[in-house]
Amino acid sequence: MPLPDEFHALARKVNNWGRWGPEDERGTLNLLTDEAVRRGVASVRSGKRFPLAIPLSQNGPQVGFIPGRINPIRTMISLNEPLTGDPAQVCFSDDIFVMGAQAATHWDALAHASYDGRIYNGFGSATVTAAGAARCGIDKAGPIAGRGVLLDVARAKGVERLDGGYAITGDDLDAAADLAGVTVEPGDIVLVRTGQMRLLHAGDKMSYLYPVAGLSLRSVEWMRGHDVAAAATDTIVFEVYPCELPDVELPVHLLHLVEMGMTQGQNFDLEALSADCADDGAYTFLLAATPEPLTGGLGGPVAPLAIK
């Protein structure tokens, strides 16, 4: 069934195909210019550091809703093994782990989503095969670092956590920016807090997974208008779920990844950062969040670090 006219109208408004050339595979990450990175460096005042990744463990948020997207499994492959055969000399322990590339804190590759046989910049969806993404894989993202801006929508609404299913609009993002006293500039990396992570902290995985507050169709033009380089949220879905339109699943994914070429981040833990931002009133910081360059990957695990 074809997507509705209102979706296609919005897609035409925010489309970035060809903006950085016909061969571009990085999309809005091209907005992370030297100037944009220096703006992030200039945001550092105290040197306080906030890791934003959730732990890589079997206690992660995956419960089987997405087949194959498993929580990390770690196994030992050597235990105090003597390199020379003599345990009185140097010994090493080693391990391996297996996980879904998007099981924990991660960025989506632009090739993660497709529709009508296309991914970002008009490349065919057939460029994604069993061998991975030949175009727009996470290995094409390159370094992700610049000025991070926390838009604490929950705090702007006066609540600890938005209700599940709340659809965040451009007006909500403006209100959060007003709370922060920040003007979002081209090349900024926007972190949107819903408070949903509090449920995962409490061990309530099912409520963390569904229903979820998130970015709505009414926020897409805001992201495009502000030329945001990348955006991440403290949820597993990123966008509002259940979705707004009954005949379109995950439309914000399609508009961001396919039309705009804007990578999305999920499962970012923003709780400690948001508390500190509320305490000192500083909602901007240097964000270093380069994903693992998994060749042909459809997503990349990341351990983001916010430095204030």
Side-chain angles (χ1 to χ4, degrees), residues 25-26 29 32 34 37 40-41 43-64 66-109 111-112 129-134 137-146 148 189 191 197 200-201 203 205 208 230 232 234 236 263 265-273 276 285-308:
E25 300 179 55
R26 300 185 67 236
L29 292 178
L32 289 173
D34 293 347
V37 175
V41 173
S43 297
V44 177
R45 293 290 185 269
S46 67
K48 289 184 288 186
R49 300 166 301 281
F50 297 89
L52 308 182
I54 64 175
L56 295 180
S57 77
Q58 276 288 284
N59 292 322
Q62 305 302 325
V63 298
I66 304 174
R69 190 180 285 188
I70 60 172
N71 290 314
I73 300 172
R74 193 194 59 78
T75 304
M76 298 298 294
I77 57 174
S78 65
L79 182 61
N80 295 315
E81 184 174 333
L83 182 65
T84 65
D86 183 352
Q89 298 188 27
V90 61
C91 301
F92 290 105
S93 298
D94 210 345
D95 51 7
I96 62 172
F97 75 95
V98 179
M99 63 177 286
Q102 292 142 310
T105 307
H106 69 276
W107 291 111
D108 284 340
H112 175 53
T129 68
I138 199 64
D139 53 310
K140 306 297 175 55
I144 298 180
I189 305 168
L191 307 182
M197 185 59 64
L200 189 62
H201 285 182
K205 291 186 184 181
Y208 176 69
D234 56 350
I236 197 167
T263 188
Q266 285 101 42
N267 299 314
F268 278 51
D269 188 344
L270 305 177
E271 289 307 290
L273 175 64
D276 190 79
F285 37 86
L286 175 63
L287 181 67
T290 299
E292 289 293 331
L294 178 63
T295 301
L298 283 307
V302 63
L305 180 65
I307 306 172
K308 294 186 67 179

Could you report the tightest heavy-atom contact between [X] and [Y], atom names first, then the distance?
| X | Y | answer |
| --- | --- | --- |
| Gly297 | Ala109 | O-CB, 3.5 Å |
| Met99 | Pro301 | CE-CG, 4.3 Å |
| Asn71 | Pro61 | OD1-N, 3.4 Å |
| Gly47 | Val44 | N-CG1, 4.2 Å |
| Ala145 | Ile189 | C-CD1, 4.1 Å |
| Leu52 | Ala306 | CD1-CB, 4.3 Å |

Handout entry: Over 12 non-hydrogen atoms of neighbours within 6.0 angstrom of CD in Glu292
Key = no
Handout entry: More than 12 heavy atoms from other groups under 6.0 Å of CG on Asp94
Key = yes
Do [X] and [Y] come within less than 4.5 Å of each other through their side chains, counting heavy atoms only?
| X | Y | answer |
| --- | --- | --- |
| Val302 | Phe268 | yes |
| Phe285 | Asp276 | no |
| Thr75 | Val98 | no |
| Arg49 | Ile307 | yes |
| Arg45 | Lys308 | no |
| Lys140 | Leu29 | no |
| Ile236 | Leu200 | no |

Practice task
I would like to know whether Arg69 and Gln102 meet side-chain contact (heavy atoms from CB on, under 4.5 Å); could you show each step before the answer?
Solution key: CA-CA 7 Å; Arg69 190 180 285 188; Gln102 292 142 310; 3.6 Å; yes
Short side-chain to backbone donor-acceptor contact, [X] and [Y], under 3.5 Å:
| X | Y | answer |
| --- | --- | --- |
| Thr105 | Asn267 | yes |
| Thr263 | Asp108 | yes |
| Asn80 | Cys91 | no |
| Asp139 | Pro293 | no |
| Ser43 | Leu286 | no |

Rounded at 0.5 Å granularity, tell me how far [atom1] in [X] sits from [atom2] in [Y].
| X | Y | atom1 | atom2 | value |
| --- | --- | --- | --- | --- |
| Arg74 | Leu56 | CZ | CG | 11.5 Å |
| Leu305 | Thr290 | CG | OG1 | 11.0 Å |
| Ile77 | Ile96 | CD1 | CD1 | 6.0 Å |
| Asp234 | Ile54 | CG | CD1 | 11.0 Å |

